[in-house]
Amino acid sequence: MTDQEQSQPATTGTRAERMRTPLAADVIRATAEKHGVCVRSFTMEVGDTETGELRYVPVPCGSTVESVCLPCARKAKALRQAQCREGWHMTEEPVLAAEPPSEDHKELLTYRADLVAAYREVVEHDQAEAEELREEITGVDAELRQLGMRGRLPALDVPTKRAVKRSTRRRQDAPNLPRQKVAKTTVGREYAGKFRPSMFVTLTCDSYGPVRDGAPVDPSRYDYRRAARDAVHFSALVDRWWQNLRRVVGWDAQYFATVEPQKRTAPHLHAAIRGAIPHDVIRQVTEATYHQVWWPNHDQVVYVDRLPVWDGDTRMFLDPDTREPLTAWDDAVEQVEDPAHVVTFGRQVHSKGILGGTDEAGRHIGYLTKYLTKSTGEVVEADTARLRDHHDRLHAELSVTPCSPRCAVWLLYGVQPKGAGSKTTPGHCKGRAHRRTTLGLPGRRVLVSRKWSGKTLDDHKADRKAFVQQALAAIGIEKPQPDPARLVWRKVEPGDPHVPPRPHLVMHAIAERITWRAEYDRALLAAAGPPGSDPETSAIQQAA
């Protein structure tokens with residue numbers, strides 16, 4: 001046998017048998033998933049300003065859907081579980097004191113105030129100078145953000161119209177709610193000197209018609225319009241529910257909640273609430289909570305076969321026949337006398353008391369985060385003809401249901417939405433509510449109150465990283481961390497010849513992850529102590 005023959009790969013068997021062997025790309029992906037390495041990472045160039053070193057680093061995609069990237073989705077789910085567990089049964093108030101403004105903040109804001117005053121003096125008669133001032137103000141705003149500042153700054157241009165104020169008087173058909181002054185406390189009461197229970201609550205949308213196996217019994221009598229509008233405004237209804245709950249109980253109730261679709265595709269809410277609340281109070285608040293949508297009437301589509309056209313001179317959409325401009329959003333809202341829609345919850349309300357540190361609490365955390373790694377279409381599969389028809393009809397209704405004041409669907413009803421321009425396509429909105437894969441499910445799958453754990457997701461991620469570093473340091477493994485200020489990150493351009501192929505970076509990341517895991521396993525064994533010792537005495541063993 002020649003050397004050339006020895007170097008050739010084995011090709012025994014039929015072509016069909018060879019086609020059944022896994023591809024190299026599939027083997028790399030499966031190995032990366034096994035070791036927790038992102039399979040869809042994008043490449044960044046990292047430069048060290050002190051040493052001049054340039055290297056290429058694979059950055060995880062951060063997807064939360066398993067079918068897109070299994071390792072990233074599992075990491076995101078584990079992070080959410082840690083966040084839920086840490087805040088659910090807290091015994092001390094989270095510390096969220098804001099730092100006072102620095103002198104740099106004050107100086108920049110003073111400079112901004114002078115620029116705004118100069119801008120308003122020249123904006124009417126000198127557009128060139130006004131544009132220069134606008135650019136300078138934009139730069140000052142960016143500097144303020146870099147220094148660390150939350151909230152919005154006053155707009156440059158004074159609004160010509162004031163926002164329409166609606167009456168806050170409760171509807172006559174809604175039950176009244178007792179109202180208390182909301183105290184700043186967020187921690188629940190302690191009972192019998194040792195028990196501090198919290199709550200697990202499930203809320204659902206109202207019924208739109210009889211349903212069997214997730215599909216309407218009679219689709220012609222199913223209220224698809226109300227189902228679509230309830231789904232679009234479900235998040236606003238949930239926000240109103242938290243507001244009402246806090247006013248009734250008299251303290252700043254904190255929550256960790258997830259939004260999921262029921263089999264009938266209507267969204268419903270699972271929520272962990274810190275502190276004990278009587279079941280009657282939760283039911284009372286649910287029955288009395290509603291959200292009024294003060295939008296222009298959108299019951300009848302005006303433009304079906306013909307669509308409004310954009311006029312570059314007036315910068316407005318015009319009627320295709322009369323060439324008259326459509327009603328502007330602010331003018332349309334001023335004419336509204338009755339709400340276009342009222343959202344309420346359904347009668348199904350489930351609430352349960354949960355004690356911290358119990359197996360039941362762990363099960364409910366798993367239940368809360370069960371579907372976070374799945375897309376809406378994966379949670380509710382249309383595996384029958386009736387379900388597929390149901391999803392199609394709901395999607396058809398959602399396609400003509402405006403999702404926001406900036407939604408391009410408003411043009412179908414003769415209303416020009418906010419921010420409309422030459423690139424706006426009448427009736428075509430890229431919002432999540434109009435997608436066939438989401439069926440109106442709100443974009444935020446996880447809702448967390450600001451004082452839940454006193455930390456952001458980045459803080460929880462940093463805690464996990466610090467814990468691992470401490471565990472490794474305990475056995476003499478130090479991981480040097482370069483100063484972030486000396487690193488310059490740049491996203492590489494497509495086709496850059498210096499960038500290693502993604503499979504090379506993934507293989508390198510797999511090798512690194514195997515090394516890190518071996519080091520961490522050594523730390524766990526060292527922390528567990530000699531055979532026969534109690535593993536519960538080890539903080540590392542408990543956290544692992």
Inset, instruction - Using atom types as modelled and distance alone, determine if a side-chain donor or acceptor of Tyr119 lies under 3.5 Å from a backbone N or O of Glu131. - result: no
Inset, instruction - Verify the ring-centre separation between His390 and Tyr222: is it less than 6.0 angstrom? - result: yes
Legend entry - From CG (Leu79) to CZ (Arg464), nearest 0.5 Å: 6.0 Å
Legend entry - Pairing of Glu260 and Arg445 as salt bridge, 4.0 angstrom limit: no
Inset, instruction - Taking all heavy atoms of Leu441 and all of Pro267, pick out the closest pair and write down the distance. - result: CD1-CB, 3.8 Å
Inset, instruction - State whether a side-chain donor-acceptor pair under 3.5 Å links Ser41 with Arg502. - result: no
Inset, instruction - Indicate whether the side chain of Glu93 and that of Thr185 have a donor and an acceptor atom separated by less than 3.5 Å. - result: yes
Inset, instruction - Count the heavy atoms belonging to other residues, nucleotides or ligands that lie under 6.0 Å from CZ of Arg490, then report whether that count exceeds 12. - result: yes
Legend entry - Pair Arg120 + Asp157, salt bridge at N-O below 4.0 Å: no
Legend entry - Donor-acceptor side-chain pairing of Ser399 and His434 below 3.5 angstrom: no
Inset, instruction - Please check if any side-chain donor atom of Trp310 sits under 3.5 Å from a side-chain acceptor atom of Thr424, or the reverse. - result: no
Legend entry - Minimum-distance pair of heavy atoms, taken over all atoms of Pro417 and Ala408: CG-CA, 4.4 Å
Inset, instruction - State the CD-CZ distance between Gln254 and Arg246, to the nearest 0.5 angstrom. - result: 5.5 Å
Inset, instruction - May I ask you to check whether over 12 heavy atoms, not counting those of Tyr371, lie within 6.0 Å of atom OH? - result: no
Legend entry - Asp252/Lys451 salt bridge by N-O under 4.0 Å criterion: yes
Legend entry - Donor-acceptor pair, side chain of Arg432 and main chain of Thr438, under 3.5 angstrom: no
Legend entry - Minimum heavy-atom distance Ala253-Ile273, with the two atoms named: CB-CG2, 4.4 Å
Inset, instruction - Examine distances only and state if a side-chain atom of Thr358 and a backbone atom of Ala361 form a donor-acceptor pair shorter than 3.5 Å. - result: yes
Inset, instruction - To the nearest 0.5 angstrom, please state how far the CZ atom of Arg264 sits from the NE2 atom of His391. - result: 12.0 Å
Inset, instruction - Indicate the ring-plane relationship of Phe200 and His270, choosing parallel, tilted or perpendicular according to the 30° and 60° boundaries. - result: parallel
Inset, instruction - Apply salt bridge (charged side-chain N to carboxylate O under 4.0 Å, His left out) to the pair Arg388 and Asp383, showing each step before the final yes or no. - result: CA-CA 7 Å; Arg388 285 191 291 271; Asp383 51 3; over 6 Å; no
Inset, instruction - Using atom types as modelled and distance alone, determine if a side-chain donor or acceptor of His350 lies under 3.5 Å from a backbone N or O of Gln348. - result: no
Legend entry - Trp242 and Tyr255 aromatic centres sub-6.0 Å: yes
Inset, instruction - Please test Trp241 against Thr286 for side-chain hydrogen bond (donor to acceptor under 3.5 Å, both in side chains), starting from the C-alpha separation and ending with a verdict. - result: CA-CA 7 Å; Trp241 191 85; Thr286 305; 3.0 Å; yes
Inset, instruction - Establish, yes or no, whether the cationic atom of Arg274 lies under 6.0 Å from the six-membered ring centre of Trp452 and within 45° of the ring axis. - result: yes
Inset, instruction - Any chance you could measure Cys72, atom SG, to Lys77, atom NZ, to the nearest 0.5 Å? - result: 15.0 Å
Legend entry - Electrostatic pair Asp213:Lys263 at N-O distance under 4.0 angstrom: no
Inset, instruction - Please answer whether the main-chain N or O of Leu387 pairs with a side-chain N or O of Thr384 as donor and acceptor at a distance below 3.5 Å. - result: yes
Inset, instruction - Answer yes or no: is there an ion pair linking Arg29 with Glu33, defined by an N-O contact shorter than 4.0 Å? - result: yes
Inset, instruction - Please answer whether the main-chain N or O of Ser404 pairs with a side-chain N or O of Lys418 as donor and acceptor at a distance below 3.5 Å. - result: no
Inset, instruction - Locate the shortest heavy-atom distance separating Val400 from Val409; write the atom from each residue and the value. - result: C-CG1, 3.6 Å
Inset, instruction - Mark yes or no for whether Glu397, through its side chain, and Tyr224, through its backbone, hold a donor-acceptor pair below 3.5 Å. - result: no
Inset, instruction - Taking Ser63 for its side chain and Val68 for its backbone only, find out whether a donor-acceptor pair lies under 3.5 Å. - result: no
Inset, instruction - Nearest 0.5 Å please: distance from the OG atom of Ser351 over to the CE atom of Met199. - result: 4.5 Å
Legend entry - side-chain contact (heavy atoms from CB on, under 4.5 Å) partner of Thr289, the single match among Arg240, Gln284, Gln243: Arg240
Legend entry - CZ (Arg450) with more than 12 external heavy atoms under 6.0 Å: no
Inset, instruction - Give a yes or no on this: more than 12 heavy atoms of other residues, nucleotides or ligands lie within 6.0 Å of atom CZ of Arg170. - result: yes
Inset, instruction - Drop me the distance from Glu324's CD to Leu326's CG, to the nearest 0.5 angstrom. - result: 10.0 Å
Legend entry - Closest contact, heavy atoms only, Pro261 versus Val379: CG-CG1, 3.9 Å
Inset, instruction - State, without any angle test, whether Glu378 and Ser67 hold a side-chain donor-acceptor pair at a distance under 3.5 Å. - result: yes
Legend entry - Whether Thr258 side chain and Leu368 backbone form a donor-acceptor pair below 3.5 Å: yes
Inset, instruction - Establish, from distance only, whether the side-chain atoms of Asp458 and Thr456 form a donor-acceptor pair under 3.5 Å. - result: no
Legend entry - side chain to side chain contact (heavy atoms under 4.5 Å, CB included) between Leu237 and Thr344, worked out: CA-CA 7 Å; Leu237 178 66; Thr344 58; 5.6 Å; no
Legend entry - Check: Tyr303/Asp319 side-chain N/O donor and acceptor closer than 3.5 Å: yes
Legend entry - SB check Arg225 Asp230 (cutoff 4.0 Å): no
Inset, instruction - Count the heavy atoms of every other residue, nucleotide or ligand shown that sit under 6.0 Å from CD of Glu334, and state whether that count exceeds 12. - result: yes
Inset, instruction - Before accepting this row, confirm whether a basic side-chain N of the pair Asp311/Arg323 lies closer than 4.0 Å to the acidic partner's carboxylate O. - result: no
Inset, instruction - Verify, without hydrogens or angle tests, whether His89 (side chain) and Gly356 (backbone) share a donor-acceptor contact under 3.5 angstrom. - result: yes
Legend entry - Partner of Asp206 by salt bridge (Lys or Arg N to Asp or Glu O under 4.0 Å), out of Arg347, Arg226, Arg229: Arg226
Legend entry - Modelled atom types, side-chain donor and acceptor of Ser453 and Glu86, under 3.5 Å: no
Inset, instruction - Let me see the working for Gln81 and Thr369 under side-chain hydrogen bond (donor to acceptor under 3.5 Å, both in side chains), right down to the final yes or no. - result: CA-CA 7 Å; Gln81 288 177 330; Thr369 58; 3.1 Å; yes
Legend entry - Exercise: identify the closest heavy-atom pair between Val248 and Pro178: CG2-O, 3.4 Å
Legend entry - Plane angle bin for Trp329 and Trp295 - parallel if under 30°, tilted between 30 and 60°, otherwise perpendicular: perpendicular
